[in-house]
Structures are given as C-alpha cells and as structure tokens.
Amino acid sequence: MKISLRAGERIYINGAVLRVDRKVSLELVNDVMFLLEGQVMQASDATTAMRQLYFIVQLMLMNPTDIAAAASLYAQHHAALLAVCENREMLDGLAAIDEMVGGTRYFEALKRIRALFPLEQAILAGATTESPFKAA
C-alpha cells in the first residue's frame, strides 16, 4: 500500500506517531494498523454515542500493545448502545462493528462507524419516522 503525506502531516502506525517534514510517499510492504491524521478524532469531538465509540476503537488501533482498558470500555459502550437502540440499520451496523473489533479489524470498524454518523445525526435530529431509541 502506498500512502502520500504532505509536509507536517502525521500518520499513526502500530502505535507509533510519525510526522514528516516534507511531502513524502510511504510504501507499507507488510500488514500494519495505521491512521492518517485526518482520520484521527480528538476527545473533544467525541460528542455523540457513535463518535465516542469511534474514539474508543481508535484508541485500540493507535495503541495495539495496551488495549485492555479500551477493550473493556468498548464492551461497556457497545452494550449500552445495543440496550437503547431500536433502529434496525443501526443495530445491524453495531453487530458488524462488534464482529470487526472482535477480529482486531479496527480500521474497518472505524470506517463502518463513520458510515453510521449520518444515521445517528438523523436520529438525534428526529428526522426518522421510526423511533430509534427506547425511552430511557
């Protein structure tokens, strides 16, 4: 896989943070877990349940040698989402995400979570006709 980075851009590879000082192309010749700087969510941006789930899975990807705490937090957060969610598309997405996380396919899980952001936004805005969450 070939990745191009701009000057000053960072990439997170297997827990290491690399920053380049000029435009560069990297070729990853073996399996690695990585995130580009633009895919990294800051804690302050984790303002909804799905964004918090994204942030937790992101922690698992960025620090693969110490995922115990993040895995425990993920399990709790995922279970809480399942307990309150009634929207079929969201439930299917959460099941797929859980399978990916269980298989340590964190990057794929992050991608799937990001795909659910618009649905979550619609649910929070009340734009769906179906009641997506059970009453708390």
Is there a side-chain contact between R19 and R10 in this structure, where contact means two heavy atoms from C-beta onward sitting under 4.5 Å apart? yes
May I ask you to test the I67-L59 pair for a side-chain heavy-atom distance under 4.5 Å? no
Who are the ring pair (Phe, Tyr, Trp, His ring centres under 6.0 Å) partners of F107, not counting sequence neighbours? F34
Are side-chain heavy atoms of M41 and R51 found at a separation under 4.5 Å? yes
Taking the side chain as every heavy atom from C-beta outward, state whether M60 and V101 have any atom pair closer than 4.5 Å. yes
From CA spacing to verdict: side chain to side chain contact (heavy atoms under 4.5 Å, CB included), R6, K23: CA-CA 4 Å; R6 297 180 305 272; K23 185 177 178 180; 5.7 Å; no
Between L91 and C85, which heavy-atom pair has the shortest distance, and what is it? CD2-O, 3.7 Å
Name all residues meeting the ring pair (Phe, Tyr, Trp, His ring centres under 6.0 Å) criterion together with Y74; count only those two or more places apart in sequence or in a different chain, and write none if there are none. H78
Considering only heavy atoms from C-beta outward, does the side chain of K2 approach that of L26 to under 4.5 Å? no
Tell me if a side-chain donor or acceptor on E120 pairs with a main-chain N or O of M50 at a distance below 3.5 Å. yes
Interatomic spacing from CZ in R112 to CG in L53 - rounded to 0.5 Å: 12.0 Å
Could you state whether Y54 and L82 fall into the same hydrophobic cluster, counting links through intermediate Ile, Leu, Val, Met, Phe, Trp or Tyr residues with side-chain heavy atoms under 4.5 angstrom apart? yes
Using every non-hydrogen atom in the two residues, find where F55 and A43 come nearest and quote the distance to one decimal. CE1-N, 3.5 Å
Among all residues two or more places apart in sequence or in another chain, which pass the side chain to side chain contact (heavy atoms under 4.5 Å, CB included) test with L18? I11, I13
Examine distances only and state if a side-chain atom of Q58 and a backbone atom of L110 form a donor-acceptor pair shorter than 3.5 Å. no
Under 3.5 Å, side chain of Q52 to main-chain N/O of T47, donor-acceptor pair present? no
